[in-house]
Amino acid sequence: MPRSATAPVTPDSLFAIDTLLDEEERAVRETVRRLVDTVIKPHVADWYEHANLPVRDVAVELGRVGLLGMSLTGYGCAGMSATAYGLACLELEAADSGVRSLVSVQSSLAMHSIHAYGSDEQRASWLPQLAAGVVIGCFGLTEADAGSNPAGMRTTARRDGSDWLIDGTKMWITNGSVADVAVVWARTEDGIRGFLVPTSTPGFAASTVKGKLSLRASVTSELVLDGVRLPADAVLPGAQGLGSALGALNEARFGIVFGALGAARDCLLATLDYAAGREQFGRPIAGFQLTQAKLAGMAVRYGTGVLLALHLGRTKDAGGLTPQLISAGKLNNVRESLAIARTCRTVLGANGISGEYPVMRHANNLESVLTYEGTSEIHALVLGQALTGLPAFS
Ligand SMILES: Cc1cc2nc3c(=O)[nH]c(=O)nc-3n(C[C@H](O)[C@H](O)[C@H](O)COP(=O)(O)OP(=O)(O)OC[C@H]3O[C@@H](n4cnc5c(N)ncnc54)[C@H](O)[C@@H]3O)c2cc1C
């Protein structure tokens with residue numbers, strides 16, 4: 001008999017996760033879950049198969065319920081806690097990492113950069129529309145030859161009278177070819193600075209990366225900036241040096257610490273159902289000890305990941321979250337979520353590779369999540385340096 005949704009223990013109830021959330025956090029979780037179940041989940045396998053995420057339609061739906069820039073204050077943003085934002089990321093990624101990526105890039109990378117480093121005028125002119133989802137933002141840091149080491153970027157911004165002239169190419173930029181505004185990081189004579197580039201500016205071009213086998217329900221692009229001329233006030237006045245870009249990345253990494261577990265949970269729930277209904281040798285495969293060892297191990301990995309994420313959320317809300325703890329959270333929770341997705345794949349046997357089930361899609365997506373926002377190796381090096389005092393990056 002298939003395991004029903006009313007089974008006594010779920011991966012969340014096993015760890016009494018609900019007792020750790022306040023009323024507002026549970027309400028946020030329910031709102032996002034409802035939105036995901038009605039607007040995203042019914043379509044996401046198709047979007048993934050055809051590599052065709054309707055970014056603008058989805059963004060407007062997300063904006064309508066206050067999910068874009070939700071932990072920012074003012075300018076039409078919801079001003080929720082970091083923990084609530086994390087829980088929203090978890091629910092979104094239970095649908096697909098691509099949808100959570102859309103929200104991470106719009107909120108934590110583009111909007112956070114404008115909110116934290118922008119002038120009052122920049123905030124007022126961009127944030128309300130980004131929060132509503134009627135304007136799409138992207139964040140251009142990575143280049144083809146500068147990924148883990150963004151300090152190696154070649155994109156330049158130089159003064160021409162009072163204007164700026166930007167030249168360079170950015171690679172692997174989420175939302176790039178649908179964006180209305182790009183936060184572009186470029187080398188200037190005063191170090192690396194961030195610029196707000198309306199994508200309609202002459203000299204700006206973006207093309208979508210084709211042939212991805214991961215994050216197919218996400219738009220990934222190359223940006224070309226060829227003599228892009230911007231007024232003096234296009235620079236983000238508060239963004240000084242690469243540290244400002246990394247500050248925004250830390251916001252996005254925080255969301256991933258929660259988000260990746262959503263993909264893991266979706267795999268786990270699909271697998272529990274499948275294992276209860278699938279019979280071999282005359283009994284449900286859920287009844288075999290080897291299957292149960294996998295299920296128990298995955299539930300423990302998932303639950304400890306959620307506890308870690310909530311600890312990061314509480315620490316961030318209290319103002320004490322360090323980059324090292326974010327690295328520990330991203331390293332652990334993405335690695336564990338990927339391990340869960342791969343193990344779930346084995347429980348589903350041949351069906352595990354079918355798009356009828358979400359498992360292989362999540363597993364493929366998590367390969368990207370393992371790499372972007374700092375690879376697992378780079379986060380290990382951050383922790384290695386913290387523990388030993390010895391940087392081993394180069
Ligand atoms: C789907 C997707 C979306 C993305 N979206 C964005 C975006 O919106 N904006 C943006 O700016 N970027 C984005 N990125 C880029 C992403 O951040 C980079 O891919 C990531 O930083 C890694 O850079 P790289 O791919 O050039 O790998 P590399 O830096 O070339 O690394 C290759 C391998 O070498 C390892 N390595 C590198 N240096 C060291 C070292 N010192 N010690 C040990 N191992 C090392 C890495 O860990 C990795 O395993 C996206 C990437 C993907 C896949």
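Both ligands and their constituent atoms are indexed starting at 1 by order of listing.
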### Query
Is it true that the side chains of Asn250 and Arg253 contain a donor and an acceptor less than 3.5 Å apart?
yes
### Message
Any carboxylate oxygen within less than 4.0 angstrom of a Lys/Arg side-chain nitrogen, looking at Glu367 and Arg342?
### Response
yes
Distances only, to 0.1 Å: what are the N or O pairs between ligand 1 and the protein that fall under 3.5 Å?
| residue | atom | partner | partner atom | Å |
| --- | --- | --- | --- | --- |
| ligand 1 | 5 (N) | Trp172 | O | 2.7 |
| ligand 1 | 5 (N) | Thr174 | OG1 | 2.9 |
| ligand 1 | 8 (O) | Thr174 | N | 2.9 |
| ligand 1 | 8 (O) | Thr174 | OG1 | 3.4 |
| ligand 1 | 9 (N) | Phe139 | O | 2.9 |
| ligand 1 | 11 (O) | Leu141 | N | 3.0 |
| ligand 1 | 11 (O) | Thr142 | N | 2.8 |
| ligand 1 | 11 (O) | Thr142 | OG1 | 3.1 |
| ligand 1 | 12 (N) | Thr142 | OG1 | 2.7 |
| ligand 1 | 14 (N) | Trp172 | O | 3.1 |
| ligand 1 | 23 (O) | Ser148 | N | 3.4 |
| ligand 1 | 29 (O) | Ser148 | N | 2.9 |
| ligand 1 | 29 (O) | Ser148 | OG | 2.7 |
| ligand 1 | 41 (N) | Phe393 | O | 2.6 |
| ligand 1 | 47 (O) | Thr375 | OG1 | 2.7 |
| ligand 1 | 47 (O) | Glu377 | OE1 | 2.8 |
| ligand 1 | 49 (O) | Glu377 | OE1 | 3.3 |

### Query
Are any of the side-chain nitrogens in Arg26 or Asp18 under 4.0 Å away from the carboxylate oxygens of its partner?
no
### Task
Identify whether NZ of Lys or CZ of Arg in Arg229 sits under 6.0 Å from the centre of the six-membered ring of Trp164 and within 45° of that ring's axis.
no
### Query
Atom CG in Leu370, atom CG in Leu338: separation rounded to 0.5 Å?
6.0 Å
### Task
Kindly indicate whether the side chain of Arg154, heavy atoms from C-beta on, has any atom under 4.5 Å from the side chain of Glu143.
yes
